[in-house]
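Presented below is the structure to which this report refers.
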2 protein chains.
Amino acid sequence: MSGGVEWALHCCVVLTGATEPVPAARLAAFHDVSPTYLAKQLQALSRAGLVRSAQGQAGGYQLTRDPQAITVLDVVEAVDGRQSAFVCTEIRQRGPFAATPEQCRVPCGIASVMYDADRAWRDSLRATTIADLAGRVGRDVGPETLPRAREWMAGRSG
Amino acid sequence: MSGGVEWALHCCVVLTGATEPVPAARLAAFHDVSPTYLAKQLQALSRAGLVRSAQGQAGGYQLTRDPQAITVLDVVEAVDGRQSAFVCTEIRQRGPFAATPEQCRVPCGIASVMYDADRAWRDSLRATTIADLAGRVGRDVGPETLPRAREWMAGRSG
DNA sequence: GATAGGGTACTCGGATACCTTTTGTCCGAGTGTGCGAGG
DNA sequence: CCTCGCACACTCGGACAAAAGGTATCCGAGTACCCTATC
């Protein structure tokens, strides 16, 4: 899986408490990661409609909807794509015992199992929202962290 | 995910009906795939202890245990490794609001969600055995296919 | 003093190189088989 | 005719290149703000 997924999720959590657009450079400084590469991930989120970008001075990114309405799966699919990690190459249609195309209307057993597992994975990711993650941050590192981070986001110098 | 997983699974299904070792070259011819690259996947299965390799004339690969005792997850982990697709880089410990190491005894919320999803994925793959897949092949393409394939495996020419 | 215009600084977005992982290939080590020579 | 030894052919196993996708970067397009000049 792309490592950018982790960055994107952290950014979404941080954006939870933002009241005004946050520039990509500030998000990168907050997490101490490459600003240019993080920009790429944020563009993916923007294309997926999870965040709204504003250009110009005082521009940046902000969530388009309530954090409770954004699932972890939404972010993962925005960055890594929507298709299953397993891709069936239809081996059964090759070789001396190739199956006929009409026998291949339904996915083969191997593909079915892999697709089912992929569905279970996505279902699990869908069960948690960005709001859940933000709430857990408060419990893990203290409730005052998120407001302080919000204040830092609004400030000018790092 | 590695495309070799699909090849390895198909090979395990075919080996279900084999009564004597099957060479890698023959398995490759059966599936019409690259013999040398398939050999790599079979080596991974051998390292994991799922198949036993026999060298010399009349050598080849055969399953080490009953197909009912080999899960799809076993094969996937043998080829693609056992670690989660998501790797936490501990972003929370970086930047101006870095969490202290003692706050990081437990995985962060993001990592937890990803690990839970990974566990659900693996649980799903563990629920199906190679024997199940072999049985489904019989239902999909006809019960006489597997015995004929077995006969072809034992024969000398393609 | 209020307003319109322009310049500036800041922002995102896509096009562009680099590098690690995956894919694909080759050759050497090891082993069981079959043949031949000897008893 | 039986047995022992040897050479062979076939097998796997790990080491070695090529290609693709992920990683990282840069520069151009666009926009809001602020300063200035004018009414």
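Below, all heavy atoms of this structure are taken into account, side chains as well, without hydrogens, waters or symmetry copies. All values reported here derive from a predicted model rather than from experimental measurement.
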*At under 4.0 Å, does any side-chain N or O of B:Arg26 touch on OP1 or OP2 of D:dT11?*
no
*Would you say a side-chain N or O of A:Ser2 is under 4.0 Å from OP1 or OP2 of D:dG21?*
no
*Starting at CZ of B:Arg52 and ending at C1' of C:dT31, how long is that distance when rounded to a whole Å?*
15 Å
*asked:* Just to be sure I understand the geometry, which residues of residues 27-46 of chain A put a non-hydrogen atom under 4.0 Å away from DNA chain C?
replied: A:Lys40, A:Gln43, A:Ser46
*Phosphate OP1/OP2 of D:dG13: any B:Arg47 side-chain N/O under 4.0 Å*: no
*asked:* With a 4.5 Å cut-off on side-chain heavy atoms, are A:Arg136 and A:Leu133 touching?
replied: no
*Is the shortest heavy-atom distance from the side chain of A:Met153 to the side chain of A:Leu27 under 4.5 Å?*
yes
*Ignoring backbone atoms, test whether A:Ser53 places a side-chain nitrogen or oxygen under 4.0 Å from the OP1 or OP2 oxygen of C:dT11.*
no
*Whole Å only: how far is the CD atom of A:Gln55 from the C1' atom of C:dC12?*
4 Å
*How would you list all residue pairs meeting salt bridge (charged side-chain N to carboxylate O under 4.0 Å, His left out) that involve residues 93-113 of chain A, not counting sequence neighbours?*
A:Arg94-B:Asp32
Atom pairs and distances, side-chain donor-acceptor, residues 4-15 of chain B, under 3.5 Å, sequence neighbours left out:
| unit_1 | atom_1 | unit_2 | atom_2 | d |
| --- | --- | --- | --- | --- |
| B:Glu6 | OE1 | A:Thr89 | N | 3.3 |
| B:Glu6 | OE1 | A:Thr89 | OG1 | 2.8 |
| B:Glu6 | OE2 | A:Thr89 | N | 3.0 |
| B:Glu6 | OE2 | A:Thr89 | OG1 | 3.3 |

*Kindly assign one of parallel, tilted or perpendicular to the pair A:Phe30 and A:Trp152, based on the angle between their ring planes and the thresholds 30° and 60°.*
tilted
_Spacing of OG1 belonging to B:Thr16 relative to CG belonging to B:Asp66, to within rounding of 0.5 Å_ = 9.0 Å
*Using the closest heavy atom to pick a nucleotide of DNA chain D for each, name whichever of A:Met1 or A:Ala58 lands nearer the 5' end.*
A:Met1
*To the nearest Å, give me how far apart CD (B:Gln83) and C1' (C:dT21) are.*
13 Å
*For B:Ala25, which contact category applies under a 4.0 Å heavy-atom criterion: base, sugar-phosphate, or nothing?*
nothing
